[in-house]
> 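Just dropping this structure here.
For clarity, every value in this text was computed on a predicted model and none was experimentally measured. Just follow the structure's listing: the first ligand is 1, and inside any ligand the first atom is 1.
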Amino acid sequence: MIRNEELEAVLETIDLRNDAPIEEPMRQYYFIKKAREIVNAESEKLGRRLTADEETFGCQMNAKDSEKLIGILENIGFEMMDDESADLVFYNTCTVRDNANQRVYGRLGLIHSMKKKNPHKKVALCGCMMQEPTVIEKIQKSYPFVDLVFGTHNIYKFAELIVSMYNSDKMIIDIWEDTDKIVEDLPAERKYSFKSGVNIMYGCNNYCSYCIVPYVRGRERSRNPKDIIREIEKLVSEGVVEVMLLGQNVNSYGKNLEEPMTFAQLLKEVEKIEGLERIRFMTSHPKDLSDDLIQVMKDSKKICRHLHLPLQAGSTRILEAMNRRYTKEQYLELAAKIRREIPDISLTTDIIVGFPGETAADVDETIDVVRKVQYDNAFTFIYSRRTGTPAATMPNPVSEEEIKANFDRLLEVVHETAKSRVGRLLGETHSVLVEESSGTQLSGRLSNNTLVHFEGDAVLVGTIVDVKLTEAHGFYYIGKINMQEHRLEELLQKCRHRELPEEKML
Ligand code: 5AD
Ligand code: SF4
């Protein structure tokens, strides 16, 4: 991340008559300047600013990537809007399950008719789905009106790709199979002023047999801890109070660094950052969750009381076929240990139903784990066959009827346990980070990630307040601000006089 003024100073020194530099990020600064010229010229032709619309599918990693892409677009002169009639529409795609792919194809159908009416409209596709060769073939054949296609490894090149796109009337395709490159110091636009995702690593080396992520996000690469800390310090100086450290498997952070470092050690460093109030992270693979991490969480004042610990399946036989590298018993032991050490923690999970060969008895094992672990929430997915993964060629696909019956059975227990877990704090007062407002209705999250709705002044968005949880409603609470009059008044005054950052962080 680079500040606006720093970037402008560098851009001043760039002479576009020279060739583009080879080194990054200088090369991208050069193309940012070049793209600005193009966008300006187009805007002059149209007599208005060029507009852009982004649609992001999938996980927090993609959301974070989109912030970087939007940062570049705004910097080169586009005005963002939330409407596909924009001059440039980009889809940041997901391919973890097939329904995400189908949604993108559906949207492209609509865009085609819009593009016929507006020939200068540009369409760009990026993200995980684009890393699949069969997808690229299909786009070339069935959606030839698309202007730009790029993948997950080269999003930092967006300015350069935009320049190529405006200089060509053919589809530009730039997909890299893998990369060991991490480019720092590029512009990024943040969706929220008070919380932010922070990538700590990219890719995944686990090769769970159903999962396409290692093929589309590449092998695991950790960011240098100094860059991570520097980014968080900058975010905090801009008013961020909560960070979510992002990685496909944060528990294996640091293994490939020149000076190896564990995730637990990184957390200790992040904890030291003054002004930062809350630390979250996503996602933890149970096989790599260390005792050190549990200890660091236990001792921490800032790490939130929430752990997302994907189970995927409760049957050891299925777990083995999934290549998860833990048994049902090991998972249960781990969950029990975490609960023993950090009793107020909330555990959430991901579960897949319908993996090849999964029987009703296997799903009984999953239900047994849900009952024993008592998750606060579980995201349940129907298995989706992903071409190229080992599971795609496994025998014994499960019939749709069986999947539906098993899925419904599982969901019932998930709801039951979640309801009793989530309600356990009823009547207590806890701190809530206020995230949204609608009139005087505020919504925020507890440290354990449960949603709370309560009455209050909209200026409190972005601050942490004490709320008494007065009603439990399944997955959320209704509450009431419960702070001493003078403390609340002090906070309100501070919020009302909160200086808006003079210049926006890019
Ligand atoms: N089918 C269904 N769900 C999947 N997930 C990953 N791959 C698949 C698949 N092929 C789920 C896993 C993972 C979550 C992000 O998506 O549960 O934890
Ligand atoms: Fe996919 Fe497994 Fe990696 Fe998660 S840990 S991204 S499920 S391969």
Side-chain angles (χ1 to χ4, degrees), residues 56-65 93-103 127-129 131-132 135 152 178 197 199-222 244 246-253 255-256 263 281-289 307-315 318-326 331 347-358 362-363 366 369-370 375 377-394 397-398 400 403-404 406-407 410-411 414:
T56 305
F57 299 84
C59 66
Q60 269 133 339
M61 287 279 186
N62 259 19
K64 181 73 194 173
D65 284 352
T93 63
C94 168
T95 188
V96 80
R97 286 170 291 276
D98 188 54
N99 51 8
N101 295 43
Q102 295 314 321
R103 275 168 64 205
C128 295
M129 196 176 148
Q131 293 293 139
E132 289 181 89
V135 169
T152 54
D178 204 347
N199 295 110
I200 63 164
M201 58 201 297
Y202 302 93
C204 181
N205 284 353
N206 287 310
Y207 294 95
C208 300
S209 65
Y210 51 82
C211 186
I212 201 154
V213 168
Y215 307 91
V216 296
R217 285 265 169 192
R219 67 193 128 93
E220 201 175 277
R221 289 136 9 242
S222 294
M244 164 83 89
L246 298 170
Q248 303 295 351
N249 177 14
V250 292
N251 294 335
S252 67
Y253 171 80
K255 285 186 183 152
N256 64 343
F263 181 52
F281 52 85
M282 195 75 129
T283 286
S284 283
H285 195 305
K287 78 175 166 59
D288 297 314
L289 198 139
L307 188 66
H308 186 67
L309 196 62
L311 168 69
Q312 313 299 4
S315 142
I318 295 295
L319 285 169
E320 200 177 342
M322 285 179 163
N323 191 30
R324 290 291 290 175
R325 287 174 275 173
Y326 52 83
Y331 185 98
L347 293 174
T348 57
T349 200
D350 292 341
I351 297 171
I352 299 175
V353 177
F355 186 83
E358 188 181 55
D362 290 318
V363 178
T366 305
V369 177
V370 173
Y375 296 106
N377 200 356
F379 301 93
T380 44
F381 305 106
I382 289 176
Y383 168 72
S384 173
R385 191 175 163 273
R386 311 313 290 132
T387 309
T389 61
T393 50
M394 285 183 187
V398 188
E400 262 179 49
I403 291 180
K404 186 168 178 338
N406 286 332
F407 192 83
L410 171 66
L411 211 59
V414 164

> With heavy-atom distances below 4.5 Å as the criterion, would you say the side chains of Tyr375 and Leu347 are in contact?
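They are in side-chain contact.
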
> Below 4.5 Å, heavy atoms only, C-beta onward: do Asp98 and Arg385 meet side chain to side chain?
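Contact flag for Asp98/Arg385 side chains = no.
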
> Hey, does Tyr326 have a side-chain heavy atom less than 4.5 Å from the side chain of Leu289?
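Heavy-atom side-chain distance check fails, nothing below 4.5 Å.
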
> Got the closest protein heavy atom to atom 15 (C) of ligand 1, with its distance?
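The answer is Asp350 OD2, 3.8 Å.
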
> Does the side chain of Asn101 come under 3.5 Å of the side chain of Thr95 through a donor N or O and an acceptor N or O?
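A pair is found: one side chain offers a donor N or O, the other an acceptor, under 3.5 Å apart.
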
> Check each heavy atom of Thr389 against ligand 1 and say whether those closer than 4.0 Å belong to the side chain, the backbone, both or neither.
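Neither; no heavy atom under 4.0 Å.
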
> Can you name the closest pair of heavy atoms from Leu307 and Ser284 and give their distance?
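Heavy atoms of Leu307 and Ser284 come nearest at CD1-OG, 3.8 Å.
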
> Would you say the side chain of Gln312 lies within less than 4.5 Å of the side chain of Tyr210, judging by non-hydrogen atoms?
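Result yes, sub-4.5 Å side-chain heavy-atom pair found.
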
> Backbone or side chain, does Cys211 get an N/O/S atom under 2.8 Å to atom 1 (Fe) of ligand 2?
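Yes, Cys211 qualifies, because one of its backbone or side-chain N, O or S atoms lies under 2.8 Å.
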
> Under 4.0 angstrom from ligand 1, any heavy atom of Ile212?
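It does not; every heavy atom stays at 4.0 Å or beyond.
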
> Where on Val96 is there a heavy atom closer than 4.0 Å to ligand 1, on the side chain, on the backbone, on both, or on neither?
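Within the 4.0 Å criterion, Val96 contacts ligand 1 through backbone and side-chain atoms alike.
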
> Kindly indicate whether the side chain of Thr152, heavy atoms from C-beta on, has any atom under 4.5 Å from the side chain of Met61.
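Side-chain contact under 4.5 Å: no.
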
> For ligand 1, does Arg385 get within less than 4.0 Å through its side chain, its backbone, both, or neither, judged by non-hydrogen atoms?
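Neither; nothing of Arg385 gets under 4.0 Å from ligand 1.
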
> Does atom CD of Gln102 have more than 12 heavy-atom neighbours, drawn from other residues, nucleotides or ligands, at distances under 6.0 Å?
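Enclosed.
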
> Could you tell me which non-hydrogen atom of Thr366 sits nearest to which non-hydrogen atom of Gly314, and how far apart they are?
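Of all heavy-atom pairs spanning Thr366 and Gly314, the closest is OG1-N, 2.9 Å.
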
> Just to be sure I'm reading this right: ignoring hydrogens, which of Gly58, Ser384, Ala391 gets closest to atom 10 (N) of ligand 1? Compare them by their nearest heavy atoms.
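Selected option, by shortest heavy-atom distance: Ser384.
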
> Taking only heavy atoms of Cys204, which atoms of ligand 2 are found under 4.0 Å from at least one of them?
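Those of ligand 2 that fall under 4.0 Å from Cys204 are 3 (Fe), 5 (S), 6 (S), 8 (S).
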
> Is NZ or CZ of Arg97 both nearer than 6.0 Å to the six-membered ring centre of Phe381 and within 45° of the ring axis?
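Yes; both conditions hold, so Arg97 lies above the ring face of Phe381.
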
> What residue and heavy atom of the protein are closest to atom 5 (N) of ligand 1, and at what distance?
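Checking every protein heavy atom, the shortest distance to atom 5 (N) of ligand 1 gives Arg97 NH1, 3.5 Å.
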
> Within ligand 2, which atoms have a heavy atom of Tyr210 less than 4.0 Å away?
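Heavy-atom distances to Tyr210 below 4.0 Å select 7 (S).
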
> Show me which atoms of ligand 2 lie under 4.0 Å from any heavy atom of Gln248.
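Counting from 1, the qualifying ligand atoms are 6 (S).
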
> Pick one of side chain, backbone, both or neither for how Tyr210 approaches ligand 1, counting any non-hydrogen atom pair under 4.0 Å.
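Contact part for Tyr210 vs ligand 1: both backbone and side chain.
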
> Is atom 3 (Fe) of ligand 2 under 2.8 Å from any N, O or S atom of His285?
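No, outside the cut-off.
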
> Where is the nearest protein heavy atom to atom 17 (O) of ligand 1: which residue, which atom, and how far?
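Of every protein heavy atom, Gln312 OE1, 2.6 Å lies nearest to atom 17 (O) of ligand 1.
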
> Could you check His285, Lys287, Glu220 and say which one makes a side chain to side chain contact (heavy atoms under 4.5 Å, CB included) with Ser252?
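Only match with Ser252 under side chain to side chain contact (heavy atoms under 4.5 Å, CB included): Glu220.
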
> Using a strict 4.0 Å cut-off to heavy atoms of Asn206, name the atoms of ligand 2 that fall inside it.
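Once the distances to Asn206 are compared, the set is 5 (S).
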
> When you look for heavy atoms under 4.0 Å from ligand 2, do you find them on the side chain of Pro214, its backbone, both, or neither?
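Side chain only.
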
> Closest non-hydrogen protein atom to atom 2 (Fe) of ligand 2, residue and atom name please, with distance?
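It is Cys208 SG, 2.3 Å.
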
> Taking non-hydrogen atoms only, is Arg324 closer than 4.0 angstrom to ligand 2 via side chain, backbone, both or neither?
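Side chain only.
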
